[in-house]
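Below is one structure, written out as structure tokens; the observations come after it.
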Amino acid sequence: MAAPSVNISVEAAIEHQIQEVRYDGQEIYLAPLSMSENLSKLAHKIDFYKDESEEKGKPTSEGEKDTDEEKVLAPFQPSLWPWDSVRNKLKNSLTEISVLYDVLNIVKEKHYMVTDPVSQDPPELKASLQMLAKKKSLVAAAQLLSTGAERLKRVQVEMTSNTQDNFLMELLKLRRNWRLKKVHNTILGELSYKSAGSRFWQGGTFEVLKTSDLAADGEVASRKSSLDVSIPSELEGVAYIQVEVKTVSDLMDLTSATLKMPAGLGTVSADAYWQQKLEVAQNVLFCKELFAQLAREAVQVKGTTPHMVVGNQILTNVFPGIQLSIVLCHYTGKEKKVNLAPHKLEHNHVLEHSLHQLLREVHDRNLNYSPPHPANAMLGMSKRRRLAGPRAMSRSELVEMVQSESLLEQILKQTKHAVLRIRTMHVIDQLAVSIQDPQICAHWSCLNSSLESSVRITITSYCYENCKTLLVLLIGIDTIKVVMKDGRVCTLLFENSELRDLIQWQICQHHAQSIQSLAKMQGWQVLSAIINSGHGDMEAYGTTTDVMLASPKGNVILAFHSNPVSGNKLAIKKLDPSLDAHISPAVTASKWASLAGDFQEINLNQLEGRNLVGKIDMLMARLTSS
Amino acid sequence: MGVSCVFSYPVPEGRSGAQVVDILQKQVETMGGSKTGTFYVDCETYQSVMLNPPKTLHILHNSEYPASCFAILDSGATLVADTLFIALMSNLKNIYQAWKGAKIESKGNRFQLADFILKIGSVSLAGSFKGILLEVEYCPCIVASECWAMLKELLQSLIGNIAESPPSALKKKKWMKSTPQQPQCCSTWTISTTLGKLPP
């Protein structure tokens, strides 16, 4: 049956928001918003921070729209502006930069605003606080340094230890200096000069090995590096080219030369560092190439002087009595130790260095062609050869151009020049020491080459340096060109005696010149001055120089005779005063009456004076007044 | 490189060129000359394709100057160049075309008589004998007018009246220094004028 009915009340939904529920159950509703209130509420929701240009005039319009429409618009916005976030970020950064720019402008330009430091009260210095702060910072710094030091120590220890990494490091170092390539499992290197222009048949291929593979078990790894190189057997040992210039007696000819055994050279130990081993092996190869080239040229020469090639030695006569020997000394350590008489090795380092330089020049010429490098013509022609065509050079001229000097010829020239120069030096020094009277002074020019030098010889008398005799000697390959003060030029050959004669003759001339200058100073008249006089006895060598002077009054005549062999002679003739009375009226002056007469020789040793010129000076001064 | 002049020696009737060359050589040898080798001079002609009237270019080689080649235009301009010049000519095929079958050459023996160098050459065009050219060079002097008298004396004893007057190329530059181009010019003019091989 129907239960007692329940009252169901139907009421409308609450339209207004409940503001408060009183204790008595009464609900107080919020007054519904008026239109303007609604508008202001919506306006608050708008973010004016958004781009203003977009929302020009829009805020009001947006506010007028319904919230529904706004909600509808809101989900659309992300899809309409996919770059929204980007745009926002850019706008922010622009604002920041503008602010920064403004601040910087203010700081820099100081036009409208100036930055001024805010004066603050100096902070209270608490000593203890400061100390604590400093201590803390020092501790931090010390920590950093100690960690750094620890790290370095660790790396150092790692470097010295013989590990796999070390091998790679060593390999890197090796690659910096030498060319390596990997062939199957082995690493091979090249130490020949082929890439530098050498055309020698012998190659230098070395192999790179790991010492850890070779070390036996239990062996203490005392090696310095974990990388080792294996040199080909023909390049083992140490080699150098010994160049010697020695005087031999004329009787000794080339055929009786003695074979040289290499003197005790140091060997390279097996434990040596790979760089040293490789350098030594490369030097051996270079010396072999040099010697092979020289030997080939020595055999092929068609010149006047024959060369002798015996085993590892090349002998050739430079000048009669002077021999040049070039020996390839290669000490591999396997030869028996021969006890040689310890003779002084006169190894000429300069010539050895020249030989090395010459071979390097040959290498260089093989590689580097002189510019231009035309595409259609032959490379490597010198400028003269290239101009031979347009200049229509004849066949003979072209043949001349083709001939070039061989290595042996060049080194021979250098040797000749060296020998000549040393000889000249000795002659001049000997003469300078032995002859005290006029002083001989030699000035060697600093600018000289391996084929030419020059020296200036000055002959002066002590205290009478206004008159000096100059000689310039240009020392060439075989000859010496002498240029004298008066411009005369003569050519001397390599004989020592020629130069000695010349200098001695110049000394005689110097005396004569000095006496003439004395005569000028003292007012004496030079009656005759003969450089090459034929008077007097014939001497073994040398030319005589004669000077005759007359005193101002005319009553004394001095005759000076100088010769390298017989020395200086001075003779005097005085006017006989007794003759004055007997002259006829035809004779105008007394000097004409005494043209004939005997000369008396003066003992130069007993005259007062330091040197010849001084003595004659004193004598002339004395005789002027008499 | 002295003064040189080139003369064409006519072959008398009834004698072959080789015989005449032989006679001349014997004469030189009796005069005292010694054979020092052979020489070879050749000349190729090129003609311009597009120009009207066409220009002719002669290119000569001389074994005395192996590194050079000489070029002469019909206007008289000469050029001394490296032998690569011929390679250049092959690049100029469109402008200067080689005249086929126009290679004329003179080869023979070279004699030295004190300061004189005598060259007796038989000239042939494409293998067929054309004539005889005699070149005499006096090495010490380079001015033609100074030594023409001496050259004339020598030549008259060799070839007689042909050497009455100096060749035309020499006449023009009597007072100037002679250059290597000079004998080539002489050769060309002599070849082209006396042997009748004139450019069209």
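Below, chain A is the first sequence line, B the second, and so on; all start at residue 1.
Scanning for ring-ring contact (aromatic ring centres under 6.0 Å, His included) contacts around Phe200(A) gives an empty result, with sequence neighbours left out.
Two residues are said to be in side-chain contact when any heavy atoms from C-beta on lie closer than 4.5 Å; Ile531(A) and Thr543(A) fail this criterion. Between Ile120(B) and Val28(B), some side-chain heavy-atom pair lies under the 4.5 Å cut-off.
We find the CD1-SG distance between Ile72(B) and Cys43(B) to be 7.5 Å, quoted to the nearest 0.5 Å.
Of the listed residues (Lys93(B), Gln97(B), Met89(B)), just one forms a side chain to side chain contact (heavy atoms under 4.5 Å, CB included) with Tyr46(B), and that residue is Met89(B).
Interface check for chain B: of the options Arg395(A), Arg385(A), Glu397(A), the most heavy-atom pairs under 4.5 Å are formed by Arg395(A).
Distance alone, capped at 3.5 Å, places no donor-acceptor pair between the Ser48(B) side chain and the Met50(B) backbone.
Listed in order of number, the residues of residues 469-490 of chain A that approach chain B to under 4.5 Å between heavy atoms amount to none.
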